[in-house]
K.L.:
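Have a look at this one before I ask anything.
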Number of protein chains: 2
Amino acid sequence: MTEQGNGAVLRMIRDGRGVTRADLAAVTGLGRSAVASRLGPLLASGLVVESDDGVSTGGRPAMVLRFNRAAGVLLAADLGATHCRVEVTDLAGEPLAAAADDLDIERGPDAVLGHVLDRTARLLERAGRDARDVAGIGVGLPGPVEHATGRAVSPPIMRGWDGFSVPAAFAGSYAAPVVVDNDVNIMALAEQRRCWPGVRHLLYVKVGTGIGCGIVADGEVYRGAQGAAGDLGHLRVNGYDSVVCRCGNTACLEAVAGGAALAAALRERGLEATGSRDVGRLARGAVPEAVQMVRDAGRLIGEVLAGAVNLLNPEVIVVGGDVADAHEPLLAGIREAVYRRSPPLATQQLRIVRGELGERTGAIGAALLALDGVLSDEAVDRAIAAAAT
Amino acid sequence: MTEQGNGAVLRMIRDGRGVTRADLAAVTGLGRSAVASRLGPLLASGLVVESDDGVSTGGRPAMVLRFNRAAGVLLAADLGATHCRVEVTDLAGEPLAAAADDLDIERGPDAVLGHVLDRTARLLERAGRDARDVAGIGVGLPGPVEHATGRAVSPPIMRGWDGFSVPAAFAGSYAAPVVVDNDVNIMALAEQRRCWPGVRHLLYVKVGTGIGCGIVADGEVYRGAQGAAGDLGHLRVNGYDSVVCRCGNTACLEAVAGGAALAAALRERGLEATGSRDVGRLARGAVPEAVQMVRDAGRLIGEVLAGAVNLLNPEVIVVGGDVADAHEPLLAGIREAVYRRSPPLATQQLRIVRGELGERTGAIGAALLALDGVLSDEAVDRAIAAAAT
DNA sequence: GGAAGTTTCGCCGACGGCTGGCCTAACTTG
DNA sequence: CAAGTTAGGCCAGCCGTCGGCGAAACTTCC
């Protein structure tokens with residue numbers, strides 16, 4: 001073990017890698033008293049609690065150490081193009097109170113974040129907490145984000161957001177650090193941490209109104225130079241040069257196989273479908289046109305994904321989003337195309353699965369991202385110092 | 001500064017970030033005596049040398065610290081499909097002796113590495129060094145490599161190499177650690193470290209007989225789950241479904257725009273071209289068919305690269321390889337297609353340039369990779385301990 | 001040329017964090 | 001209930017680090 005700070009010890013307790021003082025000494029390589037000197041402040045600040053329900057292995061039973069997930073709360077906001085989900089969670093990311101409603105991101109940062117602030121205040125009250133309990137804030141945005149500063153950058157949708165600093169909007173109400181990221185990035189993070197903890201290379205593909213992709217490379221979210229990485233929706237698909245995308249280009253995957261495009265195609269055939277959610281609903285309802293259309297869309301997505309598999313060689317591809325909830329046909333189409341187009345070495349271990357976290361995916365990711373900040377060595381030391389006063 | 005070990009101090013001296021003891025104290029944040037305690041063993045082992053040519057700034061002039069690049073040598077081997085370049089370099093990666101010859105990788109690991117061992121022995125002698133001076137060994141292979149173990153895995157070419165452990169082949173002759181990687185990965189590393197030190201996200205595209213791509217993500221070589229990342233050559237290009245690739249699939253970029261394919265097409269038109277090198281030669285010679293063909297190939301490569309730009313959002317794309325030496329037409333085609341197909345945010349900062357390191361690229365990368373191992377804290381401590389005996 | 005000012009660098013006492021032995025507490029086992 | 005086993009607080013001793021002190025090696029000014 002290289003890391004041995006207060007935060008590292010706390011993370012080990014949380015992860016179940018250190019349940020007793022003896023465990024921690026063994027895992028960190030530190031002596032017993034060094035462990036005790038970390039533990040002292042952690043116990044005093046309430047971040048870690050002891051309980052005497054340890055089992056004896058033939059001698060005095062060890063005190064069991066537990067991460068006190070109730071020592072603070074996280075605010076998680078998942079903003080989509082037309083929806084807004086806000087959660088107050090404990091320090092393990094479990095929701096204490098949640099609210100989801102329709103909200104058009106194009107109403108601009110002031111209106112949207114005003115709504116979010118209003119919601120968080122009410123949810124905090126419902127959870128019986130106040131602003132001082134907030135330890136971290138995570139926000140997911142449906143566009144490129146400069147992660148270091150929390151600013152939206154040149155978003156293709158999200159009019160009025162360009163250059164807007166999200167942390168600044170929270171600064172007045174909460175003292176906690178604010179981390180902002182692209183929505184698919186945090187979804188990828190959520191699936192990787194929650195469902196595939198051992199997997200270091202994962203792609204999360206969101207098939208909703210549009211198509212996006214979050215990349216986890218070497219266990220970390222990969223953002224690229226301008227935070228624009230993972231833009232799968234505007235890769236070119238074969239044979240659709242006449243289809244014009246909202247981005248101005250032609251033959252973009254999203255313009256052909258995105259939820260909005262599929263809904264439009266279904267409407268042309270006389271079916272009732274206003275958005276991507278309806279596409280999922282119809283396909284789940286085994287409406288033949290919808291099922292076939294979703295499967296065809298899966299093939300196209302798979303063809304593009306095959307390229308991503310060649311380039312990135314992931315272990316797992318998680319497919320989520322409204323349309324993916326029509327799962328089997330979509331996944332079947334994706335698998336078919338990926339396994340046909342990618343080389344054996346890259347596909348022999350590759351698993352292509354459906355996302356398991358449902359509509360909470362984004363909020364979970366936002367909470368996890370916030371949590372990473374909260375459990376860093378520096379933040380833990382700050383929390384300890386604050387509790388001591 | 002977070003890192004403060006012996007190796008970190010050594011790397012700072014090498015990078016010119018710490019020229020005097022005072023510099024090192026400032027950069028590391030350590031006190032003077034702590035710096036001195038690192039420096040003592042480094043000076044004693046000969047890895048760092050002092051000279052008294054410091055300039056006074058009004059007082060006693062500081063002793064100037066220099067990384068002693070002559071304290072050992074590195075062996076760098078760049079193995080391609082049909083060539084083999086071996087270098088003995090100093091600890092800065094500057095060549096002391098080099099040899100390049102044609103060698104078919106399909107002759108198998110024993111024959112090929114036997115040849116490499118034979119060459120290294122002769123080059124060492126020419127450089128006036130012996131096997132005990134070898135501090136690290138870097139090897140580039142034209143196929144997927146399990147980097148942690150140095151084994152070739154399921155290479156599409158390289159018959160007989162599957163599962164072969166390259167480090168084992170060197171173990172008998174040299175005590176130094178052996179690091180093995182894919183050839184394009186080390187080329188990407190070479191260009192990033194030597195020509196684009198501030199750039200954290202870079203793609204190196206090699207257009208030779210085949211087409212490959214090395215990815216530097218967040219400053220590190222990205223290898224993917226099975227070491228198969230960056231396989232650009234077998235992405236699909238539009239409208240070439242009748243072209244069968246040696247990989248068994250159709251419409252692979254490499255089968256359409258690779259050097260071998262271009263050479264074949266030129267032969268069909270009655271020109272003399274046996275391999276990718278001839279394609280470059282003819283295009284440089286302004287033979288109209290060759291120039292046009294290379295430019296068209298550039299467009300196709302660019303179309304595929306546009307997808308990679310969307311996904312990975314790099315800052316720089318470096319193009320190298322035999323065909324790239326026909327530079328302008330190829331690069332023009334690539335730029336044209338990438339800037340047309342990729343979104344503004346990803347391209348506004350993107351630079352697409354030709355590789356500057358020429359035929360030494362792979363060997364430089366192999367040396368740099370070996371060097372990373374040699375200058376790690378652990379390796380430095382080992383070297384110090386060894387010198388003390 | 002010499003005195004004063006400036007900067008480098010080795011030496012050494014003080015200090016703080018860590019280790020591991022010792023002792024007591026709290027169990028199980030026979 | 002005694003013997004054996006494990007947990008955890010306490011403390012002496014160790015090691016690495018900091019920073020003051022003074023010698024050394026310069027420049028600058030008179």
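Letters go in sequence order (proteins before strands), and every chain restarts at 1.
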K.L.:
Salt-bridged, B:R223 to A:D218, with N to O below 4.0 Å?
P.N.:
no

K.L.:
In residues 44-64 of chain A, which residues come under 4.0 Å of DNA chain C by heavy atom?
P.N.:
A:S56, A:G58, A:G59, A:R60, A:P61

K.L.:
What's the CG-C1' distance between A:D23 and D:dT6, to the nearest Å?
P.N.:
13 Å

K.L.:
Round to a whole Å and report the spacing from CG of B:D381 to P of D:dG16.
P.N.:
12 Å

K.L.:
Heavy-atom distance under 4.5 Å between the side chains of B:R21 and B:R32, does that happen here?
P.N.:
no

K.L.:
Is the distance between the ring centroids of A:Y222 and B:H201 under 6.0 Å?
P.N.:
yes

K.L.:
Could you check whether A:R66 pairs with A:D53 (Lys NZ or Arg NE/NH1/NH2 to Asp/Glu carboxylate O, under 4.0 Å)?
P.N.:
yes

K.L.:
Checking contacts here: which listed nucleotide (D:dT17, D:dC10, C:dC9) is nearest the side-chain heavy atoms of A:S33?
P.N.:
D:dC10

K.L.:
What's the CZ-P distance between B:R32 and D:dG20, to the nearest Å?
P.N.:
8 Å

K.L.:
Could A:R360 and A:E87 be called an ion pair, given the rule that one side-chain N must be under 4.0 Å from one carboxylate O?
P.N.:
yes

K.L.:
Would you kindly give the CD-to-P distance between B:Q4 and D:dC15, to the nearest whole Å?
P.N.:
20 Å

K.L.:
Any salt bridge linking A:D377 with A:R11? Criterion: basic side-chain nitrogen under 4.0 Å from a carboxylate oxygen.
P.N.:
yes

K.L.:
Starting from P on C:dC18, measure out to CG on A:L24 and report it in whole angstrom.
P.N.:
14 Å

K.L.:
Measure the distance from CG on A:L30 to C1' on C:dG20 and round it to the nearest whole Å.
P.N.:
13 Å

K.L.:
Please confirm whether the shortest side-chain N or O distance from B:R21 to OP1 or OP2 of C:dC9 is below 4.0 Å.
P.N.:
yes

K.L.:
NA contact type, B:S37, heavy-atom cut-off 4.0 Å: base, sugar-phosphate, or nothing?
P.N.:
sugar-phosphate

